[in-house]
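Single-structure report; data block below.
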There are 2 protein chains.
Amino acid sequence: MTDDCPPTTDGKCPVETALELIDGKWKGVALFHLLDKTLRFNEIRRRIPNVTQRVLTRQLRELEQDGLIIRTVYAEVPPRVEYRLSPLGETLRPIIVALWNWGTAYKARQIEESEAA
Amino acid sequence: MTDDCPPTTDGKCPVETALELIDGKWKGVALFHLLDKTLRFNEIRRRIPNVTQRVLTRQLRELEQDGLIIRTVYAEVPPRVEYRLSPLGETLRPIIVALWNWGTAYKARQIEESEAA
DNA sequence: ACGTATAGTGACCGTTTGGATACTAATGGA
DNA sequence: TCCATTAGTATCCAAACGGTCACTATACGT
């Protein structure tokens, strides 16, 4: 079963296909925050320290183009733009949650190790 | 719960931490093949069309340095090098499997769409 | 005697990526 | 009146990354 990596249409392994869509330094984290609820641009930004406006914009646009999130622009001033998961993006939930759990355990393990020294 | 992205030691979200380790064009796929069984270098290579020797070597070394896989060199000629998941790497199994499942469903959906045209 | 297989390494290159900085518009608050 | 806020865009830069090509050693089969 796990040996099965058939060349469907593009010859790519499904694992590769999936990873391509969340590939981008901040995409995974952005999706994670959107699991919770719809967020405005700056709300996402504030939840991700160290990301620049320029880069976050690009990542969100790519997620939108790939159909994982939905971007809604309200014709107001100052501008209001809301981001939320699309139905397709919603199907990523188990993966994002799994990543969060794994990362959390990994970090905990690291702290244990450093304290054991 | 999903709102929780605490700055543990490095200020990174656990999702980011997890993704960093499997970040690399072929790492996910390589891990996927290793879920099944221990493989020699060229066995992995043959399962991943389009990857070059140079690049695959680098990705595998990084996975080794991050403690996700174990590389065993046998002092033989011609050389024999075996790769297998480490205990830590083994804990990635649910994630890799989830990625495979998701990617498979995604591709199936794409085929449906193209046939509906 | 020759070619093949193994698991690499070294030098180099081009594109992609992320990031720094500065700029925009119109509104609401002090 | 002045400044902050909003969600961007424009320009430019440096580093990272994937990829190409050539090369290595030794044993085995023909």
Self-check item: First and last nucleotide of DNA chain D, 5' to 3', lying under 4.0 Å from heavy atoms of chain B
Solution: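 Terminal contacting nucleotides, 5' to 3': D:dG18 to D:dA27.
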Self-check item: Nearest-nucleotide comparison on DNA chain D, the residue closer to the 5′ end among B:Gln59 and A:Arg71
Solution: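 Nearer the 5' end of the strand: A:Arg71.
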Exercise. Could you check B:Asn50 against A:Val73 and say which one's nearest nucleotide on DNA chain D is further toward the 5' end?
Key: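 The residue mapped nearer the 5' terminus is A:Val73.
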Practice problem: Measure the acute angle between the ring planes of A:Trp100 and A:Phe32, then classify it against the limits of 30° and 60° as parallel, tilted or perpendicular. | Solution: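 It falls in the parallel class, under 30°.
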Practice problem: Identify the two heavy atoms, one from A:Gln59 and one from A:Trp26, that lie closest to each other, and give their separation to 0.1 Å. | Solution: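 Smallest interatomic distance, heavy atoms only, reads OE1-N, 3.1 Å.
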Exercise. Remember a base hit wins even if backbone is also touched, and classify B:Arg40 as base, sugar-phosphate or nothing at under 4.0 Å, heavy atoms.
Key: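 Sugar-phosphate, no base atom in range.
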Quiz item: Hey, does B:Tyr74 reach any base, or is it just sugar-phosphate, or nothing, if we go heavy atoms under 4.0 Å?
Solution: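 It contacts nothing in the nucleic acid.
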Quiz item: Do NZ/NE/NH1/NH2 and the carboxylate oxygens of B:Arg58 and B:Glu62 come within less than 4.0 Å?
Solution: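 Here B:Arg58 does not pair with B:Glu62 in a salt bridge, since their nearest N and O are not under 4.0 Å apart.
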Quiz item: For C:dG8, does either OP1 or OP2 sit under 4.0 Å from a side-chain N or O belonging to B:Arg61?
Solution: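 The answer is yes; a side-chain N or O of B:Arg61 sits under 4.0 Å from OP1 or OP2.
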Quiz item: Does a side-chain N or O from A:Gln53 land closer than 4.0 Å to OP1 or OP2 of C:dG19, or not?
Solution: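 For C:dG19, OP1/OP2 do not have a side-chain N/O of A:Gln53 under 4.0 Å.
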In whole Å, I'd like the distance from the [atom1] atom of [X] to the [atom2] atom of [N].
| X | N | atom1 | atom2 | result |
| --- | --- | --- | --- | --- |
| B:Glu64 | C:dA7 | CD | P | 15 Å |
| B:Asn42 | C:dG8 | CG | C1' | 10 Å |
| B:Arg45 | C:dA5 | CZ | C1' | 12 Å |
| B:Glu43 | C:dT6 | CD | P | 9 Å |
| A:Glu62 | C:dG18 | CD | C1' | 11 Å |
| A:Glu76 | C:dG28 | CD | C1' | 13 Å |
| B:Glu82 | C:dA7 | CD | P | 9 Å |

Practice problem: Return the nearest nucleotide to the side chain of A:Lys25; candidates are C:dG18, C:dG8, C:dT6. | Solution: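 That would be C:dG18.
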If hydrophobic clusters are built from ILVMFWY residues whose side chains come within less than 4.5 Å, do [X] and [Y] share one?
| X | Y | value |
| --- | --- | --- |
| B:Ile70 | B:Leu39 | no |
| A:Tyr74 | A:Leu60 | no |
| A:Ile44 | A:Val73 | yes |

Exercise. Map A:Pro78 and A:Gly24 onto DNA chain C by nearest heavy atom, then report which one ends up closer to the 5' terminus.
Key: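 So the residue in question is A:Gly24.
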Quiz item: When you match A:Val55 and A:Pro79 each to their closest nucleotide on DNA chain C, which lands nearer the 5' end?
Solution: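 Counting from the 5' end, the first nearest nucleotide belongs to A:Val55.
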Please check this pair: side chain of [X] against backbone of [Y], looking for a donor-acceptor N/O pair closer than 3.5 Å.
| X | Y | value |
| --- | --- | --- |
| B:Lys27 | B:Asp23 | yes |
| B:Arg71 | B:Val81 | no |
| A:Glu43 | A:Arg40 | yes |
| B:Ser86 | B:Gly67 | yes |

Self-check item: A:Arg54 (side chain) and C:dG18 (base): donor-acceptor pair under 3.5 Å
Solution: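 No, the side chain and the base share no sub-3.5 Å donor-acceptor pair.
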Quiz item: Where does DNA chain D pair, written as one dot-bracket string 5' to 3', with Watson-Crick or G-U pairs under 3.5 Å, ( ) inside the strand, [ ] for crossing pairs and | for another strand?
Solution: |||||.||||||||||||||||||.|||||
